[in-house]
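See structure below.
No hydrogens, no waters, no symmetry mates; every other heavy atom, side chains included, goes into these values. Labels below follow one simple rule: chain letters A, B, ... track the order of the sequence lines, proteins then strands, and each chain is numbered from 1.
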Amino acid sequence: MDFKEIYKVYLFFSFFTNTFLNDGFLGGVMVDKVKVQFYPLDLTYHIINDKAVIYLFGRAVDGRQVCIVDEDFEPYFWVVLKNEEDIEEFVRKVEKVKVEEKKDVASVVKTVVERKNFIGEEVKAVKVFCNLPKSVPVIREAIKDWDFIRTINEFDIPFTRRYLIDKGIIPLTLTEAEVSAYSVKSRVDTFKAYKVKQASEDSIKEPRILAFDIETYGSDKGRIDSKKNPILMVSFYGENFRKVITWKKFKTGHDYIEFVEGEDQLIERFKEVINMQKPDILTGYFSDGFDLPYLHERAEKYKIKLDIGHDFSNINFKRGLSEAVSINGIAHIDMFKFIRRVIARRLETDTYSLDAVSKEILGEGKMKVDMDNLSDVWDNKPEEIEQFCEYNLQDSLLAYKLCVKLFPNLEELVKIVGLTPYDISRMGFSQLVEWFIMRQTPEFNEIAMNNPHHDDVGKRRMQTYAGAFVYQPKPGLYKDIAVFDFRSLYPSIIVSHNIGPDTLNCKCCKDKAEYAPTDKKEYYFCKDKKGFLPSLVKEIIERRTRIKDIIKKSKTKNLLLEARSEALKVLANSFYGYLGFFGARWYSIECARSVTAYGRYYIHKTIEKAEKEGFKVLYGDTDSVFLSLDGKKEEDGIRFMEEINEELPGVMELEYEGFYPAGIFVAAKMSAFGAKKKYALLAKDGSIKVTGFELVRRNWSLVAKETQEDVLKIILGEKDNDKALQHVQKVIKDLRDKKVSNEKVIIHTQLTKEIGDYENKGPHVAVAERMKGKGIEVGAGMVIDYIITSGKGIIRDRAKIPDEVNEGDYDSDYYINNQVIPAIDKIFEVLGFKEEDLVGGGEQSKLGKFFK
DNA sequence: GAGCATCGGGG
DNA sequence: GTGTACGATGCTC
């Protein structure tokens with residue numbers, strides 16, 4: 001054991017003197033409870049003396065990192081009985097429940113009876129407290145089949161989240177605790193708390209952000225293997241701090257490069273740097289999925305503990321389809337996850353590589369270095385390593401800048417939803433909505449609804465419903481397009497029509513029911529009592545309106561307010577999808593159906609009116625209408641919009657999105673939730689706005705990818721359809737004539753498991769088998785490159801290793817039909833071109849149908 | 001057409 | 001840890 005274990009006992013007087021609000025002095029006598037104010041960042045709990053104790057970590061107002069230990073919180077769940085007369089008997093019985101498993105005992109500690117709201121009904125509910133958090137599901141399981149129970153709820157709320165909600169503590173927001181001395185093994189100053197509560201709306205000023213990134217050996221082999229390949233360097237970037245640590249020495253003028261003896265020393269230094277820098281936020285790009293798992297694997301090899309938690313705990317791995325890594329006390333934010341889940345909609349880029357994302361958000365990309373050379377340089381040319389250190393540092397710098405720039409957005413979501421930055425940064429919209437609702441349950445005295453059982457999820461998935469209305473555009477190019485949008489269409493419908501599970505088909509309004517315009521007219525919503533969810537949506541909309549007013553009035557740009565407005569908008573817009581999401585607690589397909597029915601109703605009304613007034617309707621989708629001015633002026637369009645708005649109820653509003661001199665519309669594929677948007681517009685400033693074209697994935701060949709890009713550029717930028725057509729014809733002809741180099745027809749596909757484990761063999765598996773036969777080592781994680789060669793038989797038998805394929809010996813038809821044409825067919829379809837036009841007249845053969 | 005597999009990000 | 005992904009698309013059978 002060569003690391004220092006620090007046991008700290010604090011002397012209060014010295015610590016508090018100039019730090020805290022202090023009402024502890026009474027008549028010159030010091031009482032030993034004092035107040036500490038801090039911004040919570042993260043929390044965990046430990047079992048101490050058979051009791052769950054909360055550890056709340058944060059940055060105190062004086063800049064120190066602190067840990068507040070709160071013993072005053074117990075796990076519980078809710079029970080609602082069929083008959084309220086049975087409560088006494090139930091309470092007597094449940095308080096005796098004990099479940100013994102091995103050494104552990106799960107027991108009921110006490111019960112409390114309270115009046116609560118449950119799906120629009122007032123009920124007497126029993127709050128059942130358990131000895132430990134993990135006892136909650138055990139006790140629930142033991143009693144769930146008891147006869148007098150109608151429902152058991154809130155038995156699966158993680159203990160730390162329950163704590164934040166019930167205590168009304170919002171991370172990153174000024175919190176005050178009454179504390180006294182506490183002695184515990186900790187990296188930060190720790191206190192025992194008596195009272196913990198939110199002190200004000202104040203937010204943490206400037207959290208200490210530290211970004212890191214690693215580079216590993218073996219990047220040229222197309223395989224990431226943390227068991228074999230060492231970490232070569234690790235970089236850090238923070239405010240006034242930059243460092244690259246590596247273990248091969250070379251001459252360098254960079255003072256930020258530090259040399260250590262080997263990979264094990266690198267890992268030790270990694271830990272030391274974090275402990276010394278004391279970040280509030282540790283960030284990386286894909287650090288959940290790459291850097292931290294890789295570090296963990298390498299650390300295990302040397303039996304090094306990655307015990308960087310404030311409580312000396314190891315970093316925690318949540319394994320599963322998506323990995324996540326948490327560090328007790330430090331908010332670990334994987335910028336990739338946050339950007340892809342929350343920011344993505346606002347971005348133009350289709351790929352979320354660090355380079356693409358940074359270029360768009362920061363206007364600065366990665367350093368251009370040929371990473372294929374890293375291993376070779378490392379082994380043979382140490383004098384050239386420096387450039388890779390620069391590259392490594394740049395990656396940390398980008399992650400740092402992304403985190404700083406997007407922190408306001410994360411912070412606002414944290415403050416609205418009320419969970420830790422770690423949790424919030426990993427949530428998708430449905431989760432954000434759900435936990436926002438959960439956070440509001442105490443104020444509305446609501447019992448939360450339950451997550452669906454596995455069987456229910458299956459049933460819910462089967463249920464479909466009519467989606468949005470789509471006015472299908474006629475394929476082609478159009479001039480002078482005015483675009484209108486309903487502002488927050490679905491949220492405004494939910495509020496205006498009081499749509500929620502607890503107002504659905506209520507008994508009180510049966511006689512005066514106003515049915516939602518679904519086909520069967522079977523759903524109506526309460527006219528008298530505001531529903532729980534519509535009340536929440538209304539509050540969100542009103543809050544946002546207030547904030548937008550402030551933004552409009554203020555002359556300076558306020559990033560925080562803009563982020564808050566954006567967060568509220570995103571949240572409101574997600575409620576509808578949440579109601580129809582199979583995994584939702586407050587799932588209600590009836591509500592979701594009603595929302596879309598009203599949506600269709602209003603867009604139909606708008607289209608009818610537009611046509612009546614002589615506009616040509618080009619396209620409409622969900623909440624937007626594209627009109628061709630058809631000789632009319634832009635002002636006429638705006639007047640039309642104002643007329644519509646006079647007729648709309650309540651908060652609903654049609655807005656003017658913009659004017660476009662030209663646009664191309666693409667027939668869209670239908671799905672359960674309506675048609676996908678697919679169009680490209682030319683804006684007044686000459687820029688091209690593309691919506692809905694498929695992502696180019698790595699298992700597309702270069703020839704397909706390049707052709708798609710070129711065609712869009714030519715049609716939209718140069719407005720020369722024939723030139724675009726000629727371009728595709730040339731690519732197809734080149735493929736036929738084998739003039740396209742093999743390099744451009746290579747397809748890359750990753751092996752996700754060992755080749756023996758495949759039941760269905762894709763082409764890459766067949767190739768991998770053949771590689772193995774040749775003595776090349778293959779395994780899970782490796783990316784297989786292959787070319788589909790000409791010949792007969794199924795695709796996988798014709799997939800070959802690129803080295804084995806003679807130049808031009810690829811299957812032209814495959815690349816034309818399965819790669820190039822799918823990449824551009826929809827574009828040409830809307831221009832009215834036919835397959836023959838693309839492939840060249842007369843040469844019809846085995847080509848698949850162009851129009852599908 | 002059902003069902004299985006893979007994509008993403010990272011080096 | 002009182003929990004965990006997701007939505008789209010291509011290939012095989």
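No contact: L232(A) has no heavy atom under 4.0 Å from any strand. Y294(A) comes within 4.0 angstrom of no nucleic acid atom, judged by non-hydrogen atoms across all strands. In this structure, N153(A) reaches neither bases nor backbone, as no heavy-atom distance under 4.0 Å exists between it and the strands shown. Within the 4.0 angstrom heavy-atom criterion, only backbone atoms of the sugar-phosphate kind lie near D213(A); the bases stay farther away. Residue-level contact check: L132(A) touches neither bases nor backbone, having no heavy atom under 4.0 Å from any strand. Residue contacts for Y352(A): at a heavy-atom cut-off of 4.0 Å it reaches the sugar-phosphate backbone alone, with no base atom in range. Across all strands, R140(A) comes closer than 4.0 Å to no nucleic acid atom at all (heavy-atom distances). Base engagement by P133(A) is indicated by at least one non-hydrogen atom pair under 4.0 Å involving a base atom. Counting any heavy atom pair closer than 4.0 Å across all strands shown, F581(A) reaches sugar-phosphate atoms only and no base atom.
Of all nucleotides listed (dG9(B), dT4(C), dT2(C)), dT4(C) comes nearest to the side chain of K318(A). Here dA5(C) is the nucleotide among dA5(C), dG11(B), dG9(B) with the atom lying nearest to any side-chain atom of R341(A).
Applying the salt bridge (Lys or Arg N to Asp or Glu O under 4.0 Å) rule to K110(A) yields the partners E74(A); only residues at least two apart in sequence or on another chain are considered. Residues satisfying the side-chain contact (heavy atoms from CB on, under 4.5 Å) criterion with D423(A), sequence neighbours excluded, are R161(A), L419(A), T420(A).
The same atom, C1', is picked in dA5(C) and in dG8(B); the two are 12 Å apart, to the nearest Å. A distance of about 15 Å separates the P atoms of dG9(B) and dT9(C), rounded to the whole Å.
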Would you tabulate the pairs of protein nitrogen or oxygen atoms and nucleotide nitrogen or oxygen atoms of nucleotides 11-13 of chain C closer than 3.5 angstrom?
| from | atom 1 | to | atom 2 | distance (Å) |
| --- | --- | --- | --- | --- |
| dC11(C) | OP1 | Y814(A) | OH | 2.7 |
| dT12(C) | OP1 | R796(A) | N | 3.2 |
| dT12(C) | O3' | R796(A) | NH1 | 3.4 |
| dC13(C) | OP1 | R796(A) | NH1 | 3.1 |
| dC13(C) | OP1 | R796(A) | NH2 | 3.2 |

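Look at CH2 on W435(A): it is 11 Å from P on dT4(C), rounded to the nearest Å. Straight-line distance from the CZ atom of R426(A) to the C1' atom of dG9(B): 14 Å, rounded to whole Å. Computed from coordinates, the M427(A) CE to dC6(C) C1' distance equals 16 Å when rounded to whole Å. As a whole-Å value, the separation of Y76(A) OH from dT2(C) P is 14 Å. What separates CD1 of I224(A) from C1' of dG8(B) is a distance of 13 Å, to the nearest Å. Atom-to-atom, CD1 of I339(A) to C1' of dG10(B) comes out at 14 Å; the value is rounded to the nearest Å. The CG-C1' distance, from D288(A) to dG10(B), rounds to 12 Å in whole Å. Computed from coordinates, the F582(A) CZ to dT4(C) C1' distance equals 12 Å when rounded to whole Å.
Salt bridge D797(A)/K792(A): absent, no basic N to carboxylate O contact under 4.0 Å. Salt bridge status for D156(A) with R162(A): absent, with no side-chain N to carboxylate O gap under 4.0 Å. Ion pairing between D288(A) and R426(A) holds under the 4.0 Å rule for side-chain N and carboxylate O.
At least one test fails for R140(A) against the ring of F77(A): distance under 6.0 Å to the centre or angle within 45° of the axis.
For the 3.5 Å distance criterion, the side chains of D213(A) and S235(A) fail to qualify, holding no donor opposite an acceptor.
Between Y76(A) and W78(A), the ring-plane angle classifies as perpendicular under the 30° and 60° cut-offs.
Checking R340(A) against Y391(A), the closest nucleotide of DNA chain B that is more toward the 5' end is the one next to R340(A).
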